[in-house]
Amino acid sequence: MLRIIDNGSVQPGQTLHFRAFPESMAWDNNEIERWVAEDPRRGRATWTGDRGRPLRWEYDGQCYAPTSLVKEMVEQLTGNRPGYASGPRYWLDSEGRDLAELADLPGEPAPDTP
């Protein structure tokens with residue numbers, strides 16, 4: 001997430017949207033998609049720019065790291081907290097790019113200063 005902060009590809013206040021990402025047998029993606037659809041706030045987070053917990057989950061107003069938020073969501077859905085989740089793959093910007101993709105974008109060049 002530090003690369004996103006450094007390259008400026010996500011701005012503080014920007015809304016990100018959850019999408020199920022097929023990586024684990026620990027939970028059913030169809031179930032988590034239904035769970036999110038029941039309360040759309042579950043599927044939205046705001047980028048805060050914080051280096052440790054950059055996502056503020058709209059559902060509870062708390063700040064999380066992307067992986068911690070996915071684990072929290074799965075735990076609320078299933079009652080079991082997964083040991084692993086690739087959290088950055090679950091959160092998309094308005095163009096459909098996930099946080100892992102956004103981290104790989106080049107930074108904005110610094111303006112020329114005389």
Side-chain angles (χ1 to χ4, degrees):
M1 297 305 90
L2 298 180
R3 291 189 313 205
I4 290 174
I5 293 167
D6 292 341
N7 73 17
S9 57
V10 182
Q11 296 299 310
Q14 187 172 336
T15 300
L16 300 167
H17 297 274
F18 177 84
R19 64 104 186 248
F21 183 77
E23 72 170 346
S24 174
M25 299 302 289
W27 61 89
D28 180 319
N29 279 330
N30 291 329
E31 285 183 30
I32 201 162
E33 287 174 342
R34 277 192 299 273
W35 182 76
V36 167
E38 289 171 6
D39 188 334
R41 296 175 305 152
R42 293 174 175 153
R44 292 189 297 264
T46 301
W47 183 262
T48 67
D50 181 84
R51 288 175 124 31
R53 295 182 296 168
L55 296 179
R56 181 179 317 280
W57 193 21
E58 189 173 318
Y59 184 66
D60 70 3
Q62 300 299 308
C63 291
Y64 297 87
T67 296
S68 296
L69 179 49
V70 171
K71 289 180 177 183
E72 176 67 19
M73 293 171 76
V74 171
E75 184 175 15
Q76 287 192 25
L77 172 65
T78 68
N80 296 308
R81 191 171 191 88
Y84 176 81
S86 182
R89 293 287 182 196
Y90 290 84
W91 295 98
L92 307 177
D93 71 0
S94 61
E95 295 180 33
R97 300 173 297 183
D98 66 39
L99 292 176
E101 293 173 272
L102 292 165
D104 289 337
L105 293 177
E108 293 294 319
D112 291 333
T113 53

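- Nearest heavy-atom pair, Asp104 versus Arg3, reported as atom, atom and distance to 0.1 Å: OD1-NH2, 3.0 Å.
- Between Glu75 and Arg81, at least one side-chain nitrogen of the basic residue sits less than 4.0 Å from a carboxylate oxygen of the acidic one, meeting the salt-bridge criterion.
- Side-chain contact check for Trp47 versus Ile4: some heavy-atom pair is nearer than 4.5 Å.
- Counting all heavy atoms, side chain and backbone alike, Ala37 lies closest to Pro40 at O-CD, 3.9 Å.
- For Gln76, the side chain to side chain donor-acceptor pair (under 3.5 Å) criterion is met by Glu72, not counting sequence neighbours.
- Contact annotation: the side chain of Val10 never approaches that of Asp93 to less than 4.5 Å [non-hydrogen atoms, C-beta and beyond].
- Put simply, the side chain of Thr67 reaches to within 4.5 Å of the side chain of Pro88, judged on heavy atoms.
- Considering all non-hydrogen atoms of both residues, Ala65 and Pro54 come closest at CA-CD, 4.0 Å.
- Taking a cutoff of 4.0 Å between a charged side-chain nitrogen and a carboxylate oxygen, Arg56 and Asp50 do not qualify as a salt bridge.
- A donor-acceptor pair is defined here as one N or O able to donate and one able to accept, closer than 3.5 Å; such a pair exists between the side chain of Arg19 and the backbone of Arg89.
- Shown here for Asn7 and Ala103, the closest heavy-atom pair between the two residues is ND2-O, 3.5 Å.
- At a cut-off of 3.5 Å, with distance as the only test, no side-chain donor of Thr78 or Asn80 sits close to an acceptor on the other residue.
- Side-chain contact check for Tyr59 versus Arg42: some heavy-atom pair is nearer than 4.5 Å.
- Nearest heavy atom pair, residue Pro82 against residue Val74, reads CD-CG1, 3.7 Å.
- Side chains of Trp35 and Met73 form a contact here, defined as non-hydrogen atoms less than 4.5 Å apart.
- Under the 30°/60° scheme for interplanar angles, the aromatic rings of Phe18 and Tyr90 are found to lie parallel.
- At least one side-chain heavy atom of Val70 sits under 4.5 Å from a side-chain heavy atom of Trp91.
- Nearest heavy atoms, Ile5 versus Gly49: CD1-O, 3.4 Å.
- The closest side-chain heavy-atom distance from Arg51 to Asp6 is below 4.5 Å.
- How far CG of Leu69 is from CZ of Arg53: 12.0 Å, rounded to the nearest 0.5 Å.
- Considering CG of Leu16 and CD of Glu58, their distance stands at 11.5 Å, rounded to 0.5 Å.
- Leu102 and Leu92 fall into different hydrophobic clusters, defined by Ile, Leu, Val, Met, Phe, Trp and Tyr side-chain heavy atoms under 4.5 Å apart, directly or through other members.
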